[in-house]
Colleague: 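Handing you a structure now.
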Amino acid sequence: MKILVTGGAGFIGGNFVHYMVNKYPEDQIVNLDLLTYAGNLETLKPVEHKPNYKFVKGDIADRDFIMDLFEKEQFDAVVNFAAESHVDRSIENPSIFVQTNVEGTVVLLDAAKKYNVRYHQVSTDEVYGDLPLDQPDLFFTEETPLHTSSPYSSSKASADLFVLSYFRTFGLPVTISRCSNNYGPYHFPEKLIPLMISRALADEELPVYGKGENVRDWLHVEDHCQAIDLILRKGRIGEVYNVGGHNERTNLEVVKTILKALDKPESLIKYVTDRPGHDMRYAIDPTKLETELGWKPTYNFDTGIAQTIQWYLDNEDWWKNILSGEYANYFEDMYGERL
Ligand code: NAD
Ligand code: TYD
(Lines give C-alpha, C1' and ligand atoms only; values in the text may rest on other atoms or scores of the structure.)
(Ligands and ions follow the chains in the order given, each with its own letter.)
Protein backbone atom coordinates (compact mmCIF):
# COMPACT_ATOMS: atom_id res chain seq x y z
CA MET A 1 0.00 0.00 0.00
CA LYS A 2 0.99 3.60 -0.53
CA ILE A 3 -0.28 5.54 2.49
CA LEU A 4 -0.52 9.30 2.94
CA VAL A 5 -0.05 10.29 6.59
CA THR A 6 -0.95 13.93 7.21
CA GLY A 7 0.40 15.72 10.29
CA GLY A 8 3.23 13.18 10.56
CA ALA A 9 5.65 15.75 12.01
CA GLY A 10 3.42 16.11 15.08
CA PHE A 11 3.19 13.97 18.18
CA ILE A 12 0.85 11.10 17.26
CA GLY A 13 1.39 11.31 13.49
CA GLY A 14 5.17 11.14 14.06
CA ASN A 15 4.82 8.06 16.23
CA PHE A 16 2.51 6.52 13.60
CA VAL A 17 5.05 7.16 10.82
CA HIS A 18 7.77 5.41 12.90
CA TYR A 19 5.41 2.50 13.57
CA MET A 20 4.31 2.04 9.93
CA VAL A 21 7.72 2.56 8.26
CA ASN A 22 9.28 -0.07 10.56
CA LYS A 23 6.41 -2.55 10.58
CA TYR A 24 5.64 -2.55 6.84
CA PRO A 25 8.87 -2.19 4.83
CA GLU A 26 6.95 -3.04 1.61
CA ASP A 27 4.47 -0.18 2.11
CA GLN A 28 5.30 3.39 1.05
CA ILE A 29 4.64 6.08 3.66
CA VAL A 30 4.32 9.68 2.49
CA ASN A 31 4.28 12.20 5.35
CA LEU A 32 2.57 15.50 4.50
CA ASP A 33 2.90 18.27 7.09
CA LEU A 34 2.74 22.06 7.07
CA LEU A 35 5.35 22.29 9.87
CA THR A 36 3.37 24.67 12.06
CA TYR A 37 4.73 25.39 15.56
CA ALA A 38 3.71 21.80 16.46
CA GLY A 39 5.49 20.11 13.54
CA ASN A 40 9.10 19.05 14.08
CA LEU A 41 11.24 17.20 11.54
CA GLU A 42 13.61 16.17 14.37
CA THR A 43 10.91 13.65 15.29
CA LEU A 44 11.40 11.93 11.93
CA LYS A 45 15.21 11.64 12.16
CA PRO A 46 15.13 7.91 13.03
CA VAL A 47 13.21 7.07 9.80
CA GLU A 48 14.14 9.79 7.32
CA HIS A 49 16.68 7.63 5.45
CA LYS A 50 14.42 4.61 5.06
CA PRO A 51 13.59 3.81 1.42
CA ASN A 52 9.85 3.47 2.14
CA TYR A 53 9.56 6.98 3.67
CA LYS A 54 9.15 10.39 2.09
CA PHE A 55 8.35 13.87 3.52
CA VAL A 56 6.32 16.52 1.67
CA LYS A 57 5.70 19.99 3.08
CA GLY A 58 2.21 21.37 2.45
CA ASP A 59 -1.18 22.45 3.77
CA ILE A 60 -4.10 20.00 3.85
CA ALA A 61 -6.44 22.98 3.24
CA ASP A 62 -4.63 23.99 0.01
CA ARG A 63 -6.99 22.41 -2.53
CA ASP A 64 -4.84 22.74 -5.66
CA PHE A 65 -1.77 21.41 -3.90
CA ILE A 66 -3.68 18.43 -2.42
CA MET A 67 -5.36 17.53 -5.73
CA ASP A 68 -1.98 17.62 -7.52
CA LEU A 69 -0.39 15.45 -4.82
CA PHE A 70 -3.16 12.82 -5.05
CA GLU A 71 -2.93 12.83 -8.87
CA LYS A 72 0.84 12.37 -8.77
CA GLU A 73 1.14 9.83 -5.94
CA GLN A 74 -1.93 7.61 -6.49
CA PHE A 75 -2.36 6.75 -2.79
CA ASP A 76 -4.22 3.65 -1.59
CA ALA A 77 -5.08 5.18 1.80
CA VAL A 78 -4.92 8.41 3.75
CA VAL A 79 -4.73 8.72 7.54
CA ASN A 80 -5.48 12.27 8.62
CA PHE A 81 -3.73 13.42 11.80
CA ALA A 82 -3.10 17.00 10.64
CA ALA A 83 -4.86 19.43 12.96
CA GLU A 84 -4.60 22.29 15.34
CA SER A 85 -4.74 20.23 18.52
CA HIS A 86 -4.45 22.42 21.62
CA VAL A 87 -7.63 23.42 23.48
CA ASP A 88 -6.04 26.51 25.07
CA ARG A 89 -4.97 27.84 21.65
CA SER A 90 -8.50 27.25 20.32
CA ILE A 91 -9.84 29.52 23.05
CA GLU A 92 -7.39 32.23 21.93
CA ASN A 93 -7.92 31.84 18.17
CA PRO A 94 -10.79 29.59 16.99
CA SER A 95 -10.60 30.46 13.26
CA ILE A 96 -7.44 28.54 12.47
CA PHE A 97 -9.13 25.47 13.97
CA VAL A 98 -11.99 25.81 11.47
CA GLN A 99 -9.54 26.34 8.62
CA THR A 100 -7.29 23.34 9.32
CA ASN A 101 -9.55 20.90 11.13
CA VAL A 102 -12.75 21.41 9.12
CA GLU A 103 -11.76 22.90 5.74
CA GLY A 104 -8.58 20.79 5.60
CA THR A 105 -10.58 17.62 6.25
CA VAL A 106 -13.11 18.49 3.53
CA VAL A 107 -10.31 19.09 1.00
CA LEU A 108 -8.77 15.70 1.84
CA LEU A 109 -12.19 14.03 1.56
CA ASP A 110 -12.71 15.59 -1.87
CA ALA A 111 -9.32 14.33 -3.01
CA ALA A 112 -9.99 10.86 -1.59
CA LYS A 113 -13.35 10.82 -3.40
CA LYS A 114 -11.86 11.90 -6.73
CA TYR A 115 -9.02 9.35 -6.59
CA ASN A 116 -10.96 6.59 -4.80
CA VAL A 117 -8.73 6.43 -1.73
CA ARG A 118 -9.53 4.68 1.58
CA TYR A 119 -9.88 7.42 4.24
CA HIS A 120 -9.22 7.27 7.99
CA GLN A 121 -9.91 10.24 10.27
CA VAL A 122 -8.09 10.55 13.60
CA SER A 123 -10.58 12.15 15.95
CA THR A 124 -10.95 12.61 19.69
CA ASP A 125 -13.19 11.63 22.59
CA GLU A 126 -13.59 15.37 23.20
CA VAL A 127 -16.37 15.36 20.57
CA TYR A 128 -18.58 13.71 23.23
CA GLY A 129 -18.15 16.62 25.68
CA ASP A 130 -17.50 15.58 29.26
CA LEU A 131 -18.81 13.28 31.98
CA PRO A 132 -19.64 14.21 35.61
CA LEU A 133 -17.10 13.33 38.31
CA ASP A 134 -19.74 11.75 40.55
CA GLN A 135 -20.84 8.99 38.13
CA PRO A 136 -17.68 6.91 37.62
CA ASP A 137 -19.58 4.10 35.86
CA LEU A 138 -20.48 6.36 32.89
CA PHE A 139 -18.25 6.02 29.79
CA PHE A 140 -18.27 7.38 26.23
CA THR A 141 -19.48 4.79 23.71
CA GLU A 142 -19.69 5.30 19.95
CA GLU A 143 -23.41 6.02 20.48
CA THR A 144 -22.84 8.90 22.91
CA PRO A 145 -24.23 12.10 21.32
CA LEU A 146 -21.75 14.73 20.14
CA HIS A 147 -21.82 17.56 22.67
CA THR A 148 -18.69 19.67 22.40
CA SER A 149 -17.29 22.25 24.83
CA SER A 150 -14.32 24.01 23.21
CA PRO A 151 -13.68 25.50 19.76
CA TYR A 152 -11.13 22.66 19.31
CA SER A 153 -13.62 19.86 20.00
CA SER A 154 -16.29 21.63 17.95
CA SER A 155 -13.98 21.71 14.94
CA LYS A 156 -13.14 18.01 15.38
CA ALA A 157 -16.84 17.08 15.69
CA SER A 158 -17.63 19.06 12.53
CA ALA A 159 -14.89 17.22 10.69
CA ASP A 160 -16.26 13.85 11.88
CA LEU A 161 -19.71 14.74 10.55
CA PHE A 162 -18.24 15.60 7.15
CA VAL A 163 -16.36 12.29 7.09
CA LEU A 164 -19.56 10.34 7.85
CA SER A 165 -21.48 12.33 5.25
CA TYR A 166 -18.95 11.36 2.56
CA PHE A 167 -19.64 7.71 3.40
CA ARG A 168 -23.42 8.09 3.32
CA THR A 169 -23.67 10.46 0.35
CA PHE A 170 -20.77 9.38 -1.87
CA GLY A 171 -19.95 5.87 -0.62
CA LEU A 172 -16.38 6.91 0.25
CA PRO A 173 -14.71 4.10 2.27
CA VAL A 174 -14.13 5.88 5.59
CA THR A 175 -13.47 5.02 9.24
CA ILE A 176 -13.05 7.26 12.30
CA SER A 177 -11.16 6.59 15.54
CA ARG A 178 -11.91 8.63 18.66
CA CYS A 179 -9.22 8.28 21.27
CA SER A 180 -8.62 9.56 24.76
CA ASN A 181 -5.62 11.70 25.81
CA ASN A 182 -2.38 10.30 24.37
CA TYR A 183 1.03 10.44 26.03
CA GLY A 184 4.47 9.10 25.18
CA PRO A 185 7.64 10.08 23.26
CA TYR A 186 7.74 13.20 21.04
CA HIS A 187 4.82 14.91 22.82
CA PHE A 188 4.99 18.69 22.40
CA PRO A 189 5.69 20.36 25.77
CA GLU A 190 2.56 22.54 25.83
CA LYS A 191 0.43 19.50 26.80
CA LEU A 192 0.05 18.40 30.42
CA ILE A 193 2.47 15.47 30.75
CA PRO A 194 5.52 16.73 28.78
CA LEU A 195 5.00 20.25 30.18
CA MET A 196 5.11 18.96 33.75
CA ILE A 197 8.13 16.71 33.10
CA SER A 198 10.16 19.46 31.44
CA ARG A 199 9.28 22.08 34.07
CA ALA A 200 9.88 19.73 37.01
CA LEU A 201 13.32 18.86 35.61
CA ALA A 202 14.10 22.60 35.52
CA ASP A 203 12.71 23.08 39.08
CA GLU A 204 10.06 25.45 37.68
CA GLU A 205 6.51 25.82 38.99
CA LEU A 206 3.91 23.43 37.57
CA PRO A 207 0.68 25.23 36.53
CA VAL A 208 -2.32 23.08 37.54
CA TYR A 209 -5.64 24.48 36.33
CA GLY A 210 -8.35 24.97 38.97
CA LYS A 211 -8.12 22.31 41.71
CA GLY A 212 -6.49 19.68 39.49
CA GLU A 213 -9.49 17.38 39.93
CA ASN A 214 -10.36 17.01 36.23
CA VAL A 215 -10.02 13.44 34.99
CA ARG A 216 -8.38 12.29 31.75
CA ASP A 217 -8.19 8.70 30.43
CA TRP A 218 -4.53 8.23 29.39
CA LEU A 219 -3.62 6.18 26.31
CA HIS A 220 -0.02 5.41 25.38
CA VAL A 221 0.66 6.63 21.85
CA GLU A 222 2.04 3.24 20.70
CA ASP A 223 -1.25 1.56 21.67
CA HIS A 224 -3.08 4.24 19.72
CA CYS A 225 -0.91 3.65 16.62
CA GLN A 226 -1.63 -0.08 16.80
CA ALA A 227 -5.37 0.64 17.01
CA ILE A 228 -5.31 2.91 13.94
CA ASP A 229 -3.37 0.31 11.95
CA LEU A 230 -5.98 -2.34 12.88
CA ILE A 231 -8.91 -0.09 11.99
CA LEU A 232 -7.30 0.89 8.68
CA ARG A 233 -6.81 -2.75 7.65
CA LYS A 234 -9.73 -4.55 9.31
CA GLY A 235 -12.24 -1.95 10.49
CA ARG A 236 -15.79 -1.94 9.13
CA ILE A 237 -16.27 0.81 6.57
CA GLY A 238 -18.47 3.70 7.72
CA GLU A 239 -17.84 2.91 11.41
CA VAL A 240 -16.52 4.87 14.39
CA TYR A 241 -14.19 3.13 16.90
CA ASN A 242 -13.39 4.48 20.38
CA VAL A 243 -9.80 3.92 21.55
CA GLY A 244 -8.89 3.95 25.25
CA GLY A 245 -7.48 1.66 27.88
CA HIS A 246 -9.33 2.49 31.15
CA ASN A 247 -6.51 4.53 32.65
CA GLU A 248 -8.32 7.40 34.33
CA ARG A 249 -6.34 9.77 36.53
CA THR A 250 -7.00 13.23 37.96
CA ASN A 251 -4.57 15.87 36.74
CA LEU A 252 -3.23 16.17 40.27
CA GLU A 253 -2.52 12.42 40.41
CA VAL A 254 -0.62 12.69 37.11
CA VAL A 255 1.44 15.66 38.30
CA LYS A 256 2.25 14.01 41.64
CA THR A 257 3.29 10.78 39.88
CA ILE A 258 5.71 12.77 37.73
CA LEU A 259 7.14 14.68 40.70
CA LYS A 260 7.64 11.45 42.66
CA ALA A 261 9.37 9.70 39.73
CA LEU A 262 11.73 12.66 39.31
CA ASP A 263 12.29 13.00 43.07
CA LYS A 264 11.00 16.61 43.05
CA PRO A 265 8.92 18.28 45.81
CA GLU A 266 5.14 18.80 45.57
CA SER A 267 5.76 22.42 46.54
CA LEU A 268 6.49 23.00 42.81
CA ILE A 269 2.74 22.68 42.14
CA LYS A 270 1.09 26.05 41.51
CA TYR A 271 -2.70 26.22 41.22
CA VAL A 272 -3.62 28.72 38.49
CA THR A 273 -6.84 30.16 37.02
CA ASP A 274 -8.97 27.41 35.51
CA ARG A 275 -9.41 26.96 31.74
CA PRO A 276 -12.77 28.45 30.59
CA GLY A 277 -15.30 25.68 29.82
CA HIS A 278 -12.88 23.08 31.25
CA ASP A 279 -14.19 19.52 30.62
CA MET A 280 -14.45 17.58 33.91
CA ARG A 281 -13.94 13.96 32.94
CA TYR A 282 -13.20 11.90 29.84
CA ALA A 283 -13.55 8.11 29.96
CA ILE A 284 -13.67 5.75 26.99
CA ASP A 285 -15.50 2.45 26.61
CA PRO A 286 -13.33 0.58 24.05
CA THR A 287 -15.50 -2.59 23.92
CA LYS A 288 -16.26 -2.30 20.18
CA LEU A 289 -12.58 -2.11 19.21
CA GLU A 290 -11.68 -4.95 21.57
CA THR A 291 -14.44 -7.34 20.56
CA GLU A 292 -14.57 -6.62 16.80
CA LEU A 293 -10.87 -6.19 16.08
CA GLY A 294 -9.17 -7.82 19.08
CA TRP A 295 -7.29 -4.65 20.15
CA LYS A 296 -5.65 -4.67 23.56
CA PRO A 297 -3.36 -1.98 24.99
CA THR A 298 0.15 -3.10 25.93
CA TYR A 299 0.75 -0.32 28.48
CA ASN A 300 -1.11 0.61 31.65
CA PHE A 301 -0.58 4.10 33.06
CA ASP A 302 2.13 3.02 35.50
CA THR A 303 4.30 1.29 32.88
CA GLY A 304 3.56 3.95 30.25
CA ILE A 305 4.38 6.97 32.39
CA ALA A 306 7.64 5.36 33.56
CA GLN A 307 8.66 4.72 29.93
CA THR A 308 7.65 8.27 28.94
CA ILE A 309 9.57 9.96 31.77
CA GLN A 310 12.64 7.90 30.87
CA TRP A 311 12.29 8.98 27.21
CA TYR A 312 12.25 12.67 28.22
CA LEU A 313 15.33 12.09 30.39
CA ASP A 314 17.12 10.35 27.50
CA ASN A 315 16.08 12.88 24.84
CA GLU A 316 16.62 16.28 26.44
CA ASP A 317 17.86 17.79 23.17
CA TRP A 318 14.55 17.10 21.45
CA TRP A 319 12.42 19.08 23.91
CA LYS A 320 15.03 21.66 24.91
CA ASN A 321 15.27 22.76 21.27
CA ILE A 322 11.51 23.35 21.27
CA LEU A 323 11.54 25.24 24.56
CA SER A 324 14.27 27.56 23.36
CA GLY A 325 12.40 28.39 20.12
CA GLU A 326 9.14 30.07 19.17
CA TYR A 327 7.21 28.20 21.85
CA ALA A 328 9.12 29.96 24.62
CA ASN A 329 7.40 33.26 23.76
CA TYR A 330 3.98 31.63 23.59
CA PHE A 331 4.48 30.06 27.01
CA GLU A 332 5.43 33.38 28.51
CA ASP A 333 2.32 35.03 26.99
CA MET A 334 0.07 32.25 28.31
CA TYR A 335 1.48 31.79 31.79
CA GLY A 336 3.85 34.69 32.43
CA GLU A 337 1.48 36.63 34.63
CA ARG A 338 -0.09 33.61 36.26
CA LEU A 339 3.05 31.93 37.59
P1 NAD B 1 0.09 17.88 17.11
O2 NAD B 1 -0.38 19.26 17.33
O3 NAD B 1 1.27 17.36 17.88
O4 NAD B 1 0.45 17.69 15.56
C5 NAD B 1 -0.32 18.20 14.52
C6 NAD B 1 0.52 18.19 13.25
O7 NAD B 1 -0.30 18.68 12.18
C8 NAD B 1 1.76 19.10 13.31
O9 NAD B 1 2.89 18.41 12.83
C10 NAD B 1 1.38 20.27 12.41
O11 NAD B 1 2.52 20.86 11.77
C12 NAD B 1 0.46 19.59 11.41
N13 NAD B 1 -0.46 20.54 10.76
C14 NAD B 1 -1.19 21.52 11.36
N15 NAD B 1 -1.91 22.19 10.43
C16 NAD B 1 -1.64 21.58 9.24
C17 NAD B 1 -2.11 21.82 7.92
N18 NAD B 1 -2.99 22.79 7.64
N19 NAD B 1 -1.65 21.01 6.92
C20 NAD B 1 -0.74 20.03 7.18
N21 NAD B 1 -0.26 19.80 8.41
C22 NAD B 1 -0.72 20.56 9.44
O23 NAD B 1 -1.18 16.95 17.33
P24 NAD B 1 -1.28 15.47 17.90
O25 NAD B 1 -1.39 15.52 19.37
O26 NAD B 1 -0.26 14.62 17.27
O27 NAD B 1 -2.72 15.06 17.35
C28 NAD B 1 -2.86 14.43 16.08
C29 NAD B 1 -4.32 14.18 15.84
O30 NAD B 1 -4.88 13.37 16.87
C31 NAD B 1 -5.16 15.46 15.78
O32 NAD B 1 -6.09 15.33 14.74
C33 NAD B 1 -5.83 15.51 17.14
O34 NAD B 1 -7.07 16.16 17.05
C35 NAD B 1 -6.01 14.02 17.44
N36 NAD B 1 -6.05 13.68 18.87
C37 NAD B 1 -5.01 13.99 19.69
C38 NAD B 1 -5.06 13.61 21.03
C39 NAD B 1 -3.91 13.85 21.97
O40 NAD B 1 -3.99 13.46 23.14
N41 NAD B 1 -2.81 14.44 21.54
C42 NAD B 1 -6.17 12.95 21.54
C43 NAD B 1 -7.22 12.68 20.67
C44 NAD B 1 -7.13 13.04 19.34
P1 TYD C 1 -4.12 18.95 27.74
O2 TYD C 1 -2.82 18.19 27.75
O3 TYD C 1 -4.14 20.35 27.22
O4 TYD C 1 -5.19 18.04 26.99
P5 TYD C 1 -6.82 18.20 26.89
O6 TYD C 1 -7.20 19.56 27.33
O7 TYD C 1 -7.04 18.01 25.42
O8 TYD C 1 -7.38 17.12 27.75
O9 TYD C 1 -4.65 19.01 29.23
C10 TYD C 1 -4.89 17.84 29.99
C11 TYD C 1 -5.49 18.25 31.30
O12 TYD C 1 -4.50 18.97 32.05
C13 TYD C 1 -6.66 19.21 31.17
O14 TYD C 1 -7.62 18.90 32.18
C15 TYD C 1 -6.07 20.58 31.41
C16 TYD C 1 -4.95 20.29 32.38
N17 TYD C 1 -3.78 21.18 32.29
C18 TYD C 1 -3.28 21.80 33.46
O19 TYD C 1 -3.82 21.65 34.57
N20 TYD C 1 -2.18 22.62 33.33
C21 TYD C 1 -1.57 22.83 32.13
O22 TYD C 1 -0.59 23.61 32.07
C23 TYD C 1 -2.08 22.16 30.96
C24 TYD C 1 -1.43 22.36 29.62
C25 TYD C 1 -3.18 21.34 31.10
Side-chain angles (χ1 to χ4, degrees), residues 5-17 31-41 43-44 56-62 65-66 79-91 96-97 99-101 103-105 107-108 121-127 130 149-150 152-153 155-156 159-160 177-184 186-196 199 205-221 224 228 243-244 249-252 254-255 269-275 277-282 284 331 334-335 338-339:
V5 176
T6 67
F11 164 46
I12 310 176
N15 277 279
F16 187 71
V17 168
N31 173 9
L32 165 71
D33 198 292
L34 184 58
L35 299 180
T36 67
Y37 79 93
N40 186 352
L41 287 180
T43 299
L44 284 319
V56 180
K57 184 172 182 212
D59 185 347
I60 58 164
D62 181 340
F65 165 78
I66 290 293
V79 183
N80 181 26
F81 293 90
E84 288 293 333
S85 68
H86 193 39
V87 172
D88 293 326
R89 287 180 190 252
S90 82
I91 294 168
I96 184 66
F97 286 71
Q99 176 63 15
T100 294
N101 300 1
E103 177 64 15
T105 296
V107 168
L108 286 174
Q121 176 77 357
V122 180
S123 184
T124 168
D125 61 357
E126 299 191 30
V127 300
D130 64 351
S149 313
S150 69
Y152 162 69
S153 53
S155 69
K156 293 296 289 184
D160 282 12
S177 51
R178 293 183 180 144
C179 65
S180 51
N181 285 61
N182 283 217
Y183 68 104
Y186 302 109
H187 203 180
F188 192 86
E190 68 181 346
K191 305 284 171 68
L192 181 74
I193 287 180
L195 180 78
M196 298 302 168
R199 289 185 69 83
E205 288 178 329
L206 309 187
V208 170
Y209 297 166
K211 295 184 192 148
E213 62 189 356
N214 306 64
V215 171
R216 296 294 182 264
D217 184 359
W218 293 98
L219 171 69
H220 194 280
V221 65
H224 185 199
I228 294 171
V243 190
R249 295 287 186 283
T250 65
N251 294 338
L252 207 50
V254 170
V255 172
I269 294 173
K270 166 100 176 170
Y271 294 93
V272 299
T273 314
D274 208 354
R275 171 188 282 171
H278 197 172
D279 281 337
M280 284 315 302
R281 171 176 170 250
Y282 303 143
I284 283 265
F331 190 84
M334 283 286 294
Y335 298 96
R338 284 157 52 172
L339 282 179

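The shown structure was predicted, so the numbers you read here are calculated from the model rather than taken from an experiment. The figures here come from the full heavy-atom set of this structure, side chains too, leaving out hydrogens, waters and symmetry mates. Indexing begins at 1, ligand by ligand and atom by atom, following the structure's order.
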Colleague: For atom 19 (N) of ligand 1, find the nearest protein heavy atom and state the residue, atom name and distance (0.1 Å precision).
Modeller: Ile60 N, 3.0 Å

Colleague: How many angstroms lie between CG in Asn214 and CZ in Arg281, if you round to the nearest 0.5 Å?
Modeller: 12.0 Å

Colleague: Who pairs with Asp160 by side chain to side chain contact (heavy atoms under 4.5 Å, CB included), at least two apart in sequence or on another chain?
Modeller: Gln121, Ser123, Val127, Ile176, Arg178

Colleague: For ligand 1, which atoms, with element, lie under 4.0 Å from some heavy atom of Ser123?
Modeller: 43 (C), 44 (C)

Colleague: Applying a strict 4.0 Å limit to heavy atoms, is Gly8 in contact with ligand 1?
Modeller: no

Colleague: Should you measure from each heavy atom of Thr124, which atoms of ligand 1 turn up under 4.0 Å away?
Modeller: 43 (C), 44 (C)

Colleague: Look up atom OG1 in Thr6 and atom CG in Asn80, then write down how far apart they are to the nearest 0.5 Å.
Modeller: 3.5 Å

Colleague: Taking the side chain as everything from C-beta on, heavy atoms only, tell me whether His86 gets closer than 4.5 Å to Phe188.
Modeller: no

Colleague: Non-hydrogen atoms of Ser180 versus ligand 1: any pair closer than 4.0 Å?
Modeller: yes

Colleague: Please report whether ligand 1 has a polar contact with Asp125, defined as an N or O pair separated by less than 3.5 Å (distance criterion only).
Modeller: no

Colleague: Ligand 1 versus Ala61, non-hydrogen atoms closer than 4.0 Å: side chain, backbone, both, neither?
Modeller: neither

Colleague: Report, in ascending order of atom number, the atoms of ligand 1 lying under 4.0 Å from any heavy atom of Asp59.
Modeller: 17 (C), 18 (N), 19 (N)

Colleague: Who's closest to atom 1 (P) of ligand 1 heavy-atom-wise, of Ser85, Gly39, Gly244, Ala9?
Modeller: Ser85

Colleague: In terms of atom number and element, which parts of ligand 1 are under 4.0 angstrom from non-hydrogen atoms of Gly58?
Modeller: 19 (N), 20 (C)

Colleague: Using the rule given for side-chain contact (heavy atoms from CB on, under 4.5 Å), can you reason through Ile60 versus Val107, listing the C-alpha separation, both sets of side-chain angles and the distance that settles it, and then say yes or no?
Modeller: CA-CA 7 Å; Ile60 58 164; Val107 168; over 6 Å; no

Colleague: Which residue supplies the protein heavy atom nearest to atom 21 (N) of ligand 1, what is that atom called, and how far is it?
Modeller: Leu34 N, 3.1 Å

Colleague: With a cut-off of 4.0 Å, which atoms of ligand 1 are near a heavy atom of Phe81?
Modeller: 28 (C), 29 (C), 31 (C), 32 (O)

Colleague: Could you pull out, from Phe188, Tyr282, Tyr209, the option with a heavy atom nearest to atom 25 (C) of ligand 2?
Modeller: Tyr209

Colleague: Any nitrogen or oxygen of Phe11 lying under 3.5 Å from a nitrogen or oxygen in ligand 1? Just yes or no.
Modeller: yes

Colleague: Applying side chain to side chain contact (heavy atoms under 4.5 Å, CB included), name anything that partners Ser180, two or more places apart in sequence or on another chain.
Modeller: Asp125, Asp217, Leu219, Ile284

Colleague: Once you restrict to heavy atoms under 4.0 Å, what part of Lys156 touches ligand 1? Side chain, backbone, both or neither.
Modeller: side chain

Colleague: Do Met196 and Val254 have side chains that approach each other closer than 4.5 Å (heavy atoms only, starting at C-beta)?
Modeller: no

Colleague: Give the single entry among Thr124, Leu192, Thr250, Asn181 that approaches atom 5 (P) of ligand 2 most closely by any heavy atom.
Modeller: Asn181

Colleague: Which of the numbered atoms in ligand 1 are under 4.0 angstrom from any heavy atom belonging to Asn181?
Modeller: 40 (O)

Colleague: Under 4.0 Å, heavy atoms only, figure out whether ligand 1 is touched by the backbone of Asp33, its side chain, both or neither.
Modeller: both

Colleague: If we only count N/O pairs under 3.5 Å, is His278 in contact with ligand 2?
Modeller: yes

Colleague: What's the verdict on side-chain contact (heavy atoms from CB on, under 4.5 Å) for Ile228 and Val243, showing C-alpha distance, side-chain angles and the deciding distance?
Modeller: CA-CA 9 Å; Ile228 294 171; Val243 190; 6.0 Å; no

Colleague: Using the rule given for side-chain contact (heavy atoms from CB on, under 4.5 Å), can you reason through Asn15 versus Tyr186, listing the C-alpha separation, both sets of side-chain angles and the distance that settles it, and then say yes or no?
Modeller: CA-CA 8 Å; Asn15 277 279; Tyr186 302 109; 4.2 Å; yes

Colleague: Please report which non-hydrogen protein atom sits nearest to atom 37 (C) of ligand 1, along with the residue it belongs to and the distance in Å to one decimal place.
Modeller: Ile12 CD1, 3.4 Å

Colleague: Going by distance only, is there an N or O of Asn182 that falls short of 3.5 Å from an N or O of ligand 1?
Modeller: yes

Colleague: Show, in sequence, the C-alpha distance, side-chain angles and deciding distance for His187 and Asn182, and conclude whether the side-chain contact (heavy atoms from CB on, under 4.5 Å) test is met.
Modeller: CA-CA 9 Å; His187 203 180; Asn182 283 217; 5.5 Å; no

Colleague: Quick one: does ligand 2 sit under 4.0 Å from the side chain of His86, the backbone, both or neither, non-hydrogen atoms only?
Modeller: side chain

Colleague: Which bit of Leu195 gets closer than 4.0 Å to ligand 2, counting heavy atoms only: side chain, backbone, both or neither?
Modeller: side chain

Colleague: Would Phe188 count as a contact residue for ligand 1, given that I'm defining contact as a non-hydrogen atom of the residue lying under 4.0 Å from a ligand atom?
Modeller: no

Colleague: Please list, in number order, the atoms of ligand 1 under 4.0 Å from a heavy atom of Val122.
Modeller: 30 (O), 32 (O)

Colleague: Starting from atom 4 (O) of ligand 1, find the nearest protein heavy-atom neighbour and note its residue, name and distance.
Modeller: Gly10 CA, 3.4 Å

Colleague: Once you round to the nearest 0.5 Å, how far does OG1 of Thr36 lie from CD of Glu84?
Modeller: 5.5 Å

Colleague: So for ligand 2, is Val208 a polar contact partner (N or O within less than 3.5 Å, distance only)?
Modeller: no

Colleague: If you measure every N/O of Asn214 against every N/O of ligand 2, is any gap under 3.5 Å?
Modeller: no

Colleague: Taking atom CG of Leu206 and atom OH of Tyr271, what is their separation to the nearest 0.5 Å?
Modeller: 10.5 Å

Colleague: Could you check whether any side-chain N or O of Lys156 sits under 3.5 Å from a backbone N or O of Val122, counting only pairs where one atom can act as donor and the other as acceptor?
Modeller: yes

Colleague: Can you check whether Val215's main-chain N or O pairs, donor with acceptor, with Thr250's side chain at less than 3.5 Å?
Modeller: no

Colleague: What's the spacing between Ser90 OG and Ile96 CD1 if we round to 0.5 Å?
Modeller: 12.0 Å

Colleague: Is there a side-chain contact between Asp62 and Leu34, using heavy atoms and a 4.5 Å cut-off?
Modeller: no

Colleague: Consider every N or O of Asn251 and every N or O of ligand 2, then say whether any pair is closer than 3.5 Å.
Modeller: yes

Colleague: Name the closest protein heavy atom to atom 15 (N) of ligand 1, giving the residue it belongs to and the distance to 0.1 Å.
Modeller: Thr100 CG2, 3.5 Å

Colleague: Using distance alone, determine whether Arg216 and ligand 2 share an N or O pair under 3.5 Å.
Modeller: yes

Colleague: Can you tell me if Thr6 has a non-hydrogen atom under 4.0 Å from ligand 1?
Modeller: no

Colleague: Quick one: CZ on Arg216 to CG on Asp279, what's the gap to the nearest 0.5 Å?
Modeller: 5.5 Å

Colleague: Is it the side chain, the backbone, both or neither of Leu35 that has a heavy atom closer than 4.0 Å to ligand 1?
Modeller: backbone

Colleague: Please check whether His187 reaches ligand 1 - meaning an N/O of the residue sits under 3.5 Å from an N/O of the ligand, judged on distance alone.
Modeller: no

Colleague: Hey, what's the ring geometry for Phe81 with Phe16, parallel, tilted or perpendicular (30° and 60° as the breaks)?
Modeller: tilted

Colleague: Is Tyr152 close enough to touch ligand 1? Criterion: a residue heavy atom under 4.0 Å from a ligand atom.
Modeller: yes

Colleague: Which option, Ala83, Cys179, Gly7, Ala82, owns the non-hydrogen atom nearest atom 14 (C) of ligand 1?
Modeller: Ala83

Colleague: Just by distance, do the side chain of Ser155 and the backbone of Tyr152 share a donor-acceptor pair under 3.5 Å?
Modeller: yes

Colleague: Tell me: protein heavy atom nearest atom 10 (C) of ligand 1, and distance?
Modeller: Thr36 OG1, 3.3 Å

